Amino acid sequence: MGASSAGKAPVIHRYGAEPAQFGELWLPDGAPAGTVVVIHGGFWRARYDLSLGRPLAADLAARGYAAWNLEYRRALAGGGWPATFEDVAAGIDLLATLPVDSSRVVAVGHSAGGHLAAWAAGRAKLPPGAPGAPTDLAPSPADRDLSLVSQEPDGAGPSAAGDPGQAGEYPHPAAGGSGRAFVAVTGVVSQAGVLALADCARGTGRGQCGA
């Protein structure tokens, strides 16, 4: 499927009350061919954020896929073990409430994000009570309504009723919560240079592309 020049602006959806607990949902113009979670890397450090994943997310949406560009708490900024892993789990599980096919989810990770993507694919085998282990609870209609509190990426404000600054607006926080559904990752791409692939395909890789 070739890329198109058209595309919708991404929408932010939050999975928790902390500043880094959100993701950008990029949707194609038509029905998505599948759902891809983009997990950025950056040495686990807070200075690197989901802006690293935007070129890939935009390219995936242009090619007909729903792309969930996920942010999470990083080291020395509220992250580490187990918070970073709980964030990734909660962010992926939020897909059950979003307008995407959560039965076919592939995670694409770069650097540290590659580690997280591989870990996310094995969550179903985690023992009960372990960070990121499935809760096996289906979302209620009320939870689905509340989880749609979102805002534009420029921070202009929420695009649905509710104040995203209030922790009570999040039925799917990283620490767990009532009605949280488990979304399985059915495929993984973990590669150090994966976020440069879209630029390489366009010939704009600036020395990052191999022969």
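Worth saying up front: this structure is predicted, and the values here are computed from it rather than measured.
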*Specify the closest pair of heavy atoms between Ala83 and Gly78, including all atoms of both residues, with the distance to one decimal.*
CB-O, 3.3 Å

*Answer yes if Leu52 and Phe43 sit in the same cluster of Ile, Leu, Val, Met, Phe, Trp and Tyr residues linked by side chain heavy atoms under 4.5 Å apart, and no otherwise.*
yes

*asked:* Assigning hydrophobic clusters by single linkage (Ile, Leu, Val, Met, Phe, Trp, Tyr; side-chain heavy-atom cutoff under 4.5 Å), is Trp26 placed with Ile39?
replied: no

_Check against side chain to side chain contact (heavy atoms under 4.5 Å, CB included), Leu27 and Val100_ = CA-CA 9 Å; Leu27 292 174; Val100 300; 4.0 Å; yes

*Contacts of type side-chain hydrogen bond (donor to acceptor under 3.5 Å, both in side chains), residue Asp101, not counting sequence neighbours*: Ser103, Arg104

*Excluding sequence neighbours, so at least two apart, what forms side-chain hydrogen bond (donor to acceptor under 3.5 Å, both in side chains) with Thr186?*
none

*Can you list the residues that meet the side chain to side chain contact (heavy atoms under 4.5 Å, CB included) rule with Ala121, with sequence neighbours excluded?*
Val185, Val188

*side chain to side chain donor-acceptor pair (under 3.5 Å): which pairs involve residues 122-133, sequence neighbours left out?*
Asp93-Arg123

_For a quick test of reading the model, state the closest non-hydrogen atom pair linking Pro10 to Glu24 and the distance between them._
CB-CB, 4.2 Å

*What pairs meet the salt bridge (charged side-chain N to carboxylate O under 4.0 Å, His left out) rule with one or both residues in residues 75-85, with sequence neighbours excluded?*
none

*Exam field: side chain Tyr15 to backbone Ala89, donor-acceptor pair closer than 3.5 Å*: no

*asked:* Please report the interatomic distance CD(Gln21) to CD(Glu86), rounded to the nearest 0.5 Å.
replied: 9.5 Å

*Whether Trp44 side chain and Gly79 backbone form a donor-acceptor pair below 3.5 Å*: no

*asked:* Could you report the tightest heavy-atom contact between Ala124 and Pro134, atom names first, then the distance?
replied: CA-CG, 4.0 Å

_Using modelled atom types and a 3.5 Å cut-off, is there a donor and acceptor pairing between side-chain atoms of Arg73 and backbone atoms of Asp87?_
no

_If you define the side chain from C-beta out and look only at heavy atoms, does anything of Asp49 sit under 4.5 Å from Glu71?_
yes

*Closest approach of Ala61 to Pro28 (non-hydrogen atoms, all atoms of both residues)*: O-CB, 3.3 Å

Could you list the donor-acceptor pairs under 3.5 angstrom formed between side-chain atoms of residues 113-120 and any protein atom two or more places apart in sequence or on another chain?
none

*pair Trp68-Leu95: side-chain heavy atoms closer than 4.5 Å*: yes

*Of the non-hydrogen atoms in Gly41 and Ser111, which two are nearest, and what is the gap between them?*
CA-CB, 4.1 Å

*Can you hop from Trp81 to Leu126 via hydrophobic side chains spaced under 4.5 Å?*
yes

*Could you tell me the separation between the NZ atom of Lys8 and the CG atom of Asp29, rounded to the nearest 0.5 Å?*
6.0 Å

*asked:* Just to verify, which of Thr97, Leu94, Val183, Ile92 counts as forming a side chain to side chain contact (heavy atoms under 4.5 Å, CB included) with Ser102?
replied: Val183

*Give the minimum heavy-atom separation between Ala184 and Val105, together with the two atoms involved.*
O-CB, 3.7 Å

*Determine whether His40 and Tyr72 make a side-chain contact, defined as any pair of heavy atoms from C-beta on separated by less than 4.5 Å.*
yes

